Amino acid sequence: MDETLFLHVASAAAGAAALVGGLPKIVRRLQLSKAKHPSLTGHSRMARRFAALVPFYEYADDRFFASDDAPTDIAAKRRAGFEQLSALYRQRFAKTVAMTAEVVDSISDLEFTSSYRVPFQYRNLVRSELKGGAFWQSSSGVTVTDLDGNVFYDLAGSYGVNVFGYDFYKGCLARGSARAAELGPVLGGYHTVMVDNVNRLKQISGLDAVSFHMSGTEAVMQAVRLARYHTKRSHLVRFCGAYHGWWGDVQPGVGNPIPARETYTLKELDSDSLRVLRTRKDIACVLINPLQALHPNKGAPGDSTLVDSSRSAHFDRAAYTTWLKQLREVCTERGIVLIFDEVFVGFRLAPGGAQEYFGVKADMVTYGKTLGGGLPIGVVCGRTDLMKRFRDDRPADIAFARGTFNSHPYVMTAMNEFLHQLDTAEIAAIYNGLDERWNGRAARLNARLQAESLPVQVANISSIWTVTYTRPSRYNWMFQYYLRAQGLALSWVGTGRFIFSLNYTDADFEAVVERLIAAAKAMENDGWWWHNPALTNKSIRRRVLREMIASKF
């Protein structure tokens, strides 16, 4: 249904409802449907049904190298490159791969990530021949070293924990452990550094009260629970593609076995979503993950979904700032709790996080990852009226939340070391000119890639980057293996996300650039980016759909 037709239908429905004197429920329902992203990503129940129908199939040996109908000579070149890469992996990463093989079937996380590095049609041959290791021996500066002694520039960033470099966190951990040693693992009470931590977090967040949790996921759970408790409303709003942890209410689609019926997944940067917020009475809170500014309405990019080259990303700070201010206005107007989920980006964009970076104040903020000084942590900061877990006039009406390891002494002392380091001149210098530095680095890399006629570009929000591809291809996912061969450490999502620590010097970054260019040239030379002009992203997706249907039926 196009927008004009929709408006006519909504207008007619509104008129009919007004005539009979009833509440215009159909109008609100149509508004909600229109505010959802038109893709499967915006319709979680439909996405779950679709996922259940997708059959597993894989390409036989010859088809693996020519799934885009490449000519025989190109397929042979790809096979030779693949075999050469496989031999390099076996030789260079032998010890690391051997230890990984011992436990891959026993650690469910590792079993999952090793199976979802590439599109499933190519999975088995890749897992067999391009085995990556999951173990590291040491870290230093901006590098990590595997069990075979190979030194990699780290682009994985420890899932976002590593903002200031590994040596920084080693220092926080060592000093924090020494301060906690006398008390040890005493739980239930608090280490004295708690007072300073709370005061500093209140100052950073600009909010009144703090609660500590064991992970970022738990922090978001608590923020949503308190928002529902105080507003006495049922539903939360999240935006299409945003990640807020793995719990059910914020992951309503694929990956959640039970539908999240009290979650609305709406479009970002869209007036239809603002209209829903203004007209519904059941919305308790709106969750914002500022990382979505890099790829609004799209899920976290991973190479396992790289079936073509349609992945896109672009950061428009002004546009996203305007969007957040509009959300702030409507949430204030409607008594909806605005929650910034800064578990990932907190302290990476600015010392005061996304609130400072975008100039928008939230009602509650969640932090995690880096804040623990290298140890696990989740934190909620909020207004006094929202953080209270009981009602003075209703003693049995409470919002219970506790955790055994909340406020663990060793975590609190490491956090205190982290917070004190934020005040140093050294860290202040890192933040000075941060955007200009990382935007300039991205621009220089893109210029190099374009000058070399390589079909790769990068997009970034500060030091968080994603790789996009400019030539239709079914084999972009192979790039991650060429990058690893060049000594660049990536997370399991491959080229979907590079997370640089802020202590990368210009020399460090130039070394990464040279390795990335070398990897792209090797991939080009091995024929993976061969392109038939008739091959488009749309034709690739249609072919994959036909393959799925044929495999199913």
Side-chain angles (χ1 to χ4, degrees), residues 185-191 193-195 197-202 204-238 242-252 256 258 260-263 282-289 331 335-344 346 353 362-372 375-412 414-415:
V186 175
L187 304 176
Y190 301 128
H191 193 286
V193 299
M194 175 76 85
V195 176
N197 288 349
V198 168
N199 288 334
R200 286 174 177 270
L201 286 168
K202 287 167 61 178
I204 288 167
S205 67
L207 294 163
D208 310 314
V210 179
S211 66
F212 295 97
H213 305 274
M214 291 177 279
S215 69
T217 289
E218 282 194 11
V220 176
M221 291 172 71
Q222 172 66 347
V224 171
R225 172 177 284 202
L226 288 170
R228 284 170 163 163
Y229 176 66
H230 288 290
T231 62
K232 299 182 181 179
R233 301 171 187 170
S234 56
H235 282 65
L236 69 88
V237 165
R238 63 184 286 274
Y243 183 75
H244 298 284
W246 55 263
W247 62 290
D249 280 16
V250 294
Q251 193 183 52
N256 183 4
I258 300 174
R261 300 188 185 279
E262 295 181 328
T263 300
D282 56 353
I283 298 173
C285 60
V286 172
L287 279 170
I288 292 293
N289 182 342
C331 286
I336 298 169
V337 180
L338 180 61
I339 303 171
F340 277 15
D341 176 359
E342 298 204 45
V343 170
F344 192 93
D363 299 308
M364 303 178 85
V365 180
T366 62
Y367 300 111
K369 298 195 184 291
T370 193
L371 177 58
L375 292 178
I377 188 63
V379 172
V380 182
C381 298
R383 298 191 331 238
T384 300
D385 60 309
L386 293 174
M387 296 294 285
K388 196 169 186 177
R389 303 183 191 181
F390 64 94
R391 305 190 200 284
D392 290 321
D393 58 343
R394 298 287 187 273
D397 187 358
I398 62 174
F400 185 81
R402 289 289 295 162
T404 301
F405 293 102
N406 292 4
S407 310
H408 192 288
Y410 281 81
V411 177
M412 290 298 104
M415 179 190 295

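We count residues from 1, following the sequence as given. This structure is a prediction, so every number in the text was calculated from the model and none was measured.
- When the ring pair (Phe, Tyr, Trp, His ring centres under 6.0 Å) test is applied to His235, the partners found at least two apart in sequence or on another chain are Tyr264.
- Residues satisfying the side chain to side chain donor-acceptor pair (under 3.5 Å) criterion with Ser211, sequence neighbours excluded, are His213.
- Not counting sequence neighbours, the partners of His408 by the ring pair (Phe, Tyr, Trp, His ring centres under 6.0 Å) test are Tyr410.
- Residue Ala362 comes nearest to Leu207 through the heavy atom pair O-CD2, 3.6 Å, listed as atom of the first residue, atom of the second, then distance.
- In this structure, the side chains of Met415 and Leu375 stay at 4.5 Å or more apart for every pair of heavy atoms.
- Screening residues 207-219 for salt bridge (charged side-chain N to carboxylate O under 4.0 Å, His left out) gives no qualifying pairs among residues at least two apart or on separate chains.
- Inter-residue side-chain proximity for Val250 and Thr263 is flagged as unmet; no heavy-atom pair is nearer than 4.5 Å.
- The closest side-chain heavy-atom distance from Val286 to Val237 is below 4.5 Å.
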Listing, residues 399-406 side-chain donor-acceptor contacts under 3.5 Å, not counting sequence neighbours, or none:
| residue | atom | partner | partner atom | Å |
| --- | --- | --- | --- | --- |
| Asn406 | ND2 | Phe212 | O | 2.9 |

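- The side chain to side chain contact (heavy atoms under 4.5 Å, CB included) test applied to Asp397 returns Tyr229, Arg391, Arg394, not counting sequence neighbours.
- Among residues two or more places apart in sequence or in another chain, the ring pair (Phe, Tyr, Trp, His ring centres under 6.0 Å) test is passed with Tyr243 by none.
- Across every non-hydrogen atom of Val343 and Gly216, the tightest pair is CG2-CA, 3.7 Å.
- Residues in residues 376-389 take part in these salt bridge (charged side-chain N to carboxylate O under 4.0 Å, His left out) pairs, two or more places apart or across chains: Asp363-Arg383, Arg383-Asp385, Lys388-Asp392.
- Surrounding CH2 of Trp247 are more than 12 heavy atoms belonging to other residues, nucleotides or ligands, all under 6.0 Å away.
- Qualifying salt bridge (Lys or Arg N to Asp or Glu O under 4.0 Å) partners for Arg228, counting only residues two or more places apart in sequence or in other chains: Asp249.
- Between the Asp341 side chain and the Asn289 main chain, no donor and acceptor come within less than 3.5 Å of each other.
- For Ala209, the side chain to side chain contact (heavy atoms under 4.5 Å, CB included) partners at least two apart in sequence or on another chain are Met387.
- Here the straight-line distance linking atom CD of Gln251 with atom CD1 of Ile258 works out to 12.5 Å at 0.5 Å rounding.
- The backbone N or O of Pro252 lies less than 3.5 Å from no partner atom in the side chain of Asn256, so there is not a single donor-acceptor pair.
- In this structure, Val193 and Pro409 have side chains that are not in contact, with every pair of non-hydrogen atoms separated by 4.5 Å or more.
- Thr231 is linked by a side chain to side chain contact (heavy atoms under 4.5 Å, CB included) to Arg233, Ala284, Val337, counting only residues two or more places apart in sequence or in another chain.
- Of all non-hydrogen atoms in Thr366 and Ala223, the two that sit nearest each other are CG2-CB, 4.0 Å.
- Across every non-hydrogen atom of Val210 and Cys381, the tightest pair is CG2-SG, 4.0 Å.
- Between the side chain of Asn197 and the backbone N or O of Met412 there is at least one donor-acceptor pair closer than 3.5 Å.
- Residues Lys369 and Phe344 form a side-chain contact, since some pair of their non-hydrogen atoms from C-beta on lies under 4.5 Å apart.
- Met214 places none of its side-chain heavy atoms less than 4.5 Å from the side chain of Ile377.
- Inter-residue side-chain proximity for Leu236 and Leu287 is flagged as met; some heavy-atom pair is nearer than 4.5 Å.
- Of all non-hydrogen atoms in Cys285 and Ala227, the two that sit nearest each other are CB-CB, 3.7 Å.
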